[in-house]
Amino acid sequence: MSELVKPPLYWVADYLTPDDVLYHAIHRVILHKHTQFQELWIVDCGTYGKGLILDGIWQSSTGDDYLYHEALVQPACVNQGNPKRALVLGGGEGATIRELLKWKEIERVAMVDLDAEVVEACRQHFPEMHQGAFDDPRVELVIQDAVAYLDSSPSEWDVIISDLTDPIESGPSFKLFTKEYFAKAQKALRPGGYFLLQAGPVSPPSMHMHVRLVSTLKAVFAHVHSYHIHVPMLGHPWGFILASDSPIDIRPDPAEVDQLLVAKTNAKFKMFDGITLLGLMQSPKHIRDAIAKETAVYTLEHPPVFSTQELPK
Amino acid sequence: MSIWFTEELHPYYRKGIRVKQILADEQTQFQHMQLVETEFFGKAMILDGIIQLTERDNMGYHEMIVHVPMLAVGQPQRVLIVGGGDGGSLQQVLRYPSVMEAVVCELDQRVVELSRQYFSASFGDPWADSRTKLLARDAFDYLEANPGQFDVIISDTTDPIGMAERLFSDEFYKLMVRALVKGGAAATQCEQPFFDTELIKEIYKSAITLTKNPAYYYANIPTYPGGGIGFMYVSDTPWEHGLKTPYPPGMNNYINPEIHKAAFALPEFFRRELYE
């Protein structure tokens, strides 16, 4: 064994397809527990810092979470223009609310997560992700099922960010990727509000769920736009879908966006700015083609089942 | 997703075991110790990145390293275990009603403490036996101070890397043989014929210089490199004497008369290397 490189204690095999594996090193297990809803690991993964694994799916790592979370939150906020009230569904790490709090005039951020134990573990072990966001007086943490919360929510949100875990059958969130649920989200938006969905991988063999989610959102909202970003630790390019009854600017002027960010945010972005947004909004042909062809939608009767079901355990 | 412990004892060979849960992970005064619940092998103990034992397959190791010399001697009374902090060898030694004292020289007391906590289902609590004498000291000094004292010596050590390297030296074998009574027998953890041919030849050279009837034997242990591990039997007493001795009370899970005999049959390439 080399004296210079300490070998990892364990390897996490993250199956991207049945034939392709992304191995993450575990140098130390910081926390491993079975919560009421899912199995949680927080690990020291070496080069990329610390990682969160829920129900066997790699969620995020401190070394590249800004790529995911800035791409998840900021396009919806820029399109809305000046969000005051934002709702986050899921988002246990607290990095999603961190991104919303970058908007100076934000008055209220509600975060609804089903699993209090995951939130508490992230609050304790991921200060570099939430950066104290849980302690901000504008933030309200609600431990509740997201569907139930939306059922009773008045139409008061400028931005709703759905940052839920992938809809695996045994997991808590598969119902939240259906037409019925998206209609609830639509009702909960104020006029001019935007809904953003974490919408799974868009690599060629794994993009079918993303594509069908676009089709599902199109059945609810007037304007729907798919985009994605490369988050190295997730293995796949990761897809998001922005939906609204107001228009989505897919050719934003970078200078105008930068002016807006200077005026309305604390401008503390690592990845995001006007040029980044312009680039993010452009999707390659194969994804646009797949979206154009898709007609089926997910409903409560036919909800999505995330493809890990077919992967080796 | 799955979590794997990967052992890389050799730069050209690695072995993986699927892990369900991590039970303990600590740096002791002497080594890095991991205890894990595995998917198939039950609990496993890992020292400095090397699997030492699992609940499922340790019996081959412990029964073979203990019973071969014990049965050859017949009525062993005083036994020394070098290393063996997990308690598996001690448990087998204590099955013999003839044993009056079992001394365990284990440098790392955390191995004993954590094994007592996690392996009691496999090994019971041999440390509570009044015949057990646990010493937290270096085996070299102890052997030097105790010539002609033991009927059987079991060298149940980690691999010859770092602190255990000296326990595979000619110097150690000299002290060990000197600590045996006349006609006494020793068995040592002696690595793997495919991977460690040269080391085993060196050790055999020491053993044949020091005793009349040394021999190498082998047991199948899936979680060790190459699927098994060998032992050096070191004695003037031929190992075959053990074939006539009745087994001690308690159940065997690996050794039986056929295995006992067959363990000494070596593959031709290795027999030639070792004995010609």
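Letters go in sequence order (proteins before strands), and every chain restarts at 1.
- Taking a 6.0 Å sphere around CD of B/Q27, one finds it holds more than 12 heavy atoms contributed by other residues, nucleotides or ligands.
- The contact between A/V29 and chain B is made entirely by side chain atoms (from C-beta outward), counting heavy-atom distances below 4.5 Å.
- By the neighbour-count criterion of 12 heavy atoms within 6.0 Å, atom OH of B/Y13 is densely surrounded, having more than that number from other residues, nucleotides or ligands.
- Rounding to the nearest 0.5 Å gives a distance of 7.0 Å between CH2 of A/W41 and CD of B/Q21.
- In this structure, A/H32 and B/K20 approach most closely via the heavy-atom pair CE1-O, 3.7 Å.
- If you take OG on B/S2 and OH on A/Y10, they are separated by 14.5 Å, rounding to the nearest 0.5 Å.
- Distance check: A/I26 CD1 to B/I3 CD1 gives 4.0 Å after rounding to the nearest 0.5 Å.
- The stretch residues 34-44 of chain B places B/Q34, B/V36 near chain A, each with some heavy atom under 4.5 Å from a heavy atom of that chain.
- Within a 6.0 Å radius of CD in A/Q36, other residues, nucleotides and ligands contribute 12 heavy atoms or fewer.
- By the side-chain contact (heavy atoms from CB on, under 4.5 Å) test, A/L22 pairs with A/D14, A/L16, A/H24, sequence neighbours left out.
- Scanning for side-chain contact (heavy atoms from CB on, under 4.5 Å) contacts around B/T6 gives A/W11, B/W4, B/E8, B/R14, with sequence neighbours left out.
- In this structure, the side-chain contact (heavy atoms from CB on, under 4.5 Å) partners of A/T216, at least two apart in sequence or on a different chain, are A/K179, A/F182, A/R212, A/V297, A/Y298.
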